[in-house]
S.K.: 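My structure is below; once you've seen it, I'll send some questions.
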Amino acid sequence: MRLSSGVIVPKQEPQVEPGPLPEYSSTGTVTLPLHPSSSPSGSPLSEYPIPYSRPISAYAINFRMLSPCLPRLLARAAPWRSSPPLSRGVTRLYPLRLGRGFASTQFLLQNESSGPKKGLPMFARSEKLPAPAANKPMHSESVSKTPNLLGEPTLTTQEQRRADWGIIKEMSTYLWPKGNLGVKVRVGLSLGLLVGAKILNVQVPFYFKTIIDSMNVDFLALGGTVWTAAGSIIVAYGLARIGSTAFQEIRNAVFANVAQKAIRKVACNVFDHLLRLDLNFHLTRQTGGLSRAIDRGTKGISFLLTSMVFHIFPIFLEISMVCGILTYKFGPNFAAVTAATMLAYTVFTIKTTAWRTKFRKQANAADNKGATVAVDSLINYEAVKYFNNEKYEVGRYDKALKGYESASIKVATSLAFLNLGQNVIFSSALTAMMYLACHGVIDGNLTVGDLVMANQLVFQLSVPLNFLGSVYRELRQSLLDMETLFNLQKVNIAVKDKPDAKPLELKGGEIRFENVTFGYHPDRAILKNVTFTIPAGKKTAIVGPSGCGKSTILRLLFRFYDVQGGRILIDGQDIRDVTLESLRRSIGVVPQDTPLFNNTIEHNIHYGRIDATAEQVLHVSKRARIHDTISTFPEGYQTMVGERGMMISGGEKQRLAVSRLLLKDPPLLFFDEATSALDTHTEQALLGNISSILKEKERTSVFVAHRLRTIFDSDQIIVLRDGSVAEPPGTHEQLINSGGVYSSLWAGEFFFPFQNALS
Ligand SMILES: Nc1ncnc2c1ncn2[C@@H]1O[C@H](COP(=O)(O)OP(=O)(O)OP(=O)(O)O)[C@@H](O)[C@H]1O
């Protein structure tokens, strides 16, 4: 491995996990090339050395001193050189992405021996040196600040706070959306109900006091009944309690609509974004962890919105009201005890919760890991069975659960500490309050009713305060979960429309690869300066050994990836200049491995064109020679195909894929080993049908095939080998007559293994 990328993170940051140091760890300097005018001292230096010191890792060097001149320096994008090597021979650092401050500035680390290369990947910020580059995709998405989409701790406290505020700000737009009167009315109504509930709630201790004081008389001497003494107050007491609860519940019902709408909107946005993300994102993410993260994030939305409106604001409202009443009724001593308690309680809660957050993050990361392992094993159920590896899989799952277990234990024990601390603070306050009140009663300044009232007022605060503890705790958790969700929305889409992209204009469907160079990884080119033309309306075949890049040609044409050199033209238009929608609408593919939904056969064929009629579905399935087979199934077109089509045969899957391609009916067709699972008879019949459709509609078609007898009738055959076109393309006869690679392949088709003929 010669190239790797990483990020320089100032070593003071507390979030940097200590972890094992890399091979090279020492003092040294990094030398920056400087323009004279941009040197920190203004001196005419052409290079500026920055010292770094132990303990370091390749990415934990304190460069803060350079901050003032950074932007200009980085803009120059010249390599920085380190001496001695930062890690594993890494001596050059290319500034790749200027973040806010050094901590989020990305660098490409490069070995001394290798020169800079264009189009290199920019990996997201990371505390650890990336694993060997062989595992890294070339087109990895870049997330500037928060790369870890599955919740592992990566941000500094400040960054975390900024991210949290960002989320809260974004969510507040859902509470007061522009132009949506309905939501605004609901929020306003909820707030009204909330204030009403709180006012009624603080009335209760007053009624209670009056009841007690009116009972504190000599009934035998005065006479009268309960009703005459305190009847109306008792009723008012009951009504205030009922009213407060009723307001609260109506408020919840009114607000549910706002929260659910927001959840739906955010979830749809994330899902939409995920579907737009390029293939590489999906290939490098693990579905289990991703879906768990989305799940948790959407749940967090409801909590965040509810707590923003109903917990944080009202708790402070209630505390102020109680403090005001206590001062007014009993003097500043009571209010001072209450205020001090609230302050101590709040500070303790916030500090302890902040400390606990890291346990939550660890639990989240372990939870994602567990989900990923479980989903992976279940999806590959057959592989587990084929190799009797149940125990191994359970072991893997158990290992992930163990991580979750230990993180959860930390979460639970730290929660016990939090609860205990809160209770100690609150009970001390109540004790002090009781002492003051009893003193007041003995001195004759307060009645027994006052004592009860003061006690109840403060006691009533315990409910929202306890809530504050859990709300803050849950709020932090929700913010963490939502951060992952919102970051998913921020992942850059590597392959997207240019701002001035126009729809593809088809004038026949000629495809041209012009000096195309591409590799999934910088160290391994798959296509090297490849040039060929696929004529309009003709049948072209691409042949070559396994792994030579035949399917890659389709992925590039479909713009799952962009080329790194050269260009691809369709009817003279560079595919990067046209809209992705028009491009992908024009191309139909029968891939090697047919992706099927866990739904009925009919649904899967229909997927080719959602608005097709039942007759059209029937027609294409007949042409794809699958109708007769489907008719023999007890449930016909309503037969479920199972997850990834596991409940139907490989040949049936391929014919389903062909029928949905025929339903889509695009001008450019690509068949990637589309009939490899069929018996010779069915294959010939299907190919005959496809050929007649292609001729009749004059479609441009490309067939990738290993079995040459399925493509020998093509108008043109392109032979690929070692990432290049092995000989000038031609028809079967021309290539046989030229006696080149193809003719030996053709001979090998019958006498030798295909691979040998090419090697
Ligand atoms: N997403 C990816 N990331 C990294 N390498 C990849 C990726 N997809 C394919 N490759 C590699 O690129 C090479 C070309 O793959 P491709 O699928 O184009 O081969 P092919 O000629 O179609 O092979 P086959 O005939 O076996 O289907 C292979 O070595 C493959 O391992």
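If you're wondering where the values come from, they're calculated on a predicted model, not measured in any experiment. For ligands, and for the atoms within them, numbers begin at 1 and follow the listed sequence.
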S.K.: If we ignore angles and hydrogens, is there a donor and acceptor under 3.5 Å between the side chains of Tyr520 and Thr552?
M.R.: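 Result is yes, a qualifying pair exists.
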S.K.: Does the pair Asp665/Arg699 count as a salt bridge with the N-to-O cut at 4.0 Å?
M.R.: yes
S.K.: Are Lys498 and Asp577 within salt-bridge range, i.e. N to O under 4.0 Å?
M.R.: yes
S.K.: Does CG belonging to Asp574 count more than 12 external heavy atoms closer than 6.0 Å?
M.R.: yes
S.K.: When you look at NZ of Lys664, are more than 12 heavy atoms from neighbouring residues, nucleotides or ligands closer to it than 6.0 Å?
M.R.: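 Yes, the 6.0 Å shell around NZ holds more than 12 heavy atoms from other groups.
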S.K.: Students should find this: residues with any non-hydrogen atom under 4.0 Å from ligand 1. What is the answer?
M.R.: Leu283, Tyr520, Arg524, Ile526, Pro545, Ser546, Gly547, Cys548, Gly549, Lys550, Ser551, Thr552, Arg555, Tyr561, Gln592, His706
S.K.: Side chain to side chain donor-acceptor pair (under 3.5 Å) with Asn388: which residues, sequence neighbours excluded?
M.R.: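 If we apply the side chain to side chain donor-acceptor pair (under 3.5 Å) test to Asn388, skipping adjacent residues, there are no hits.
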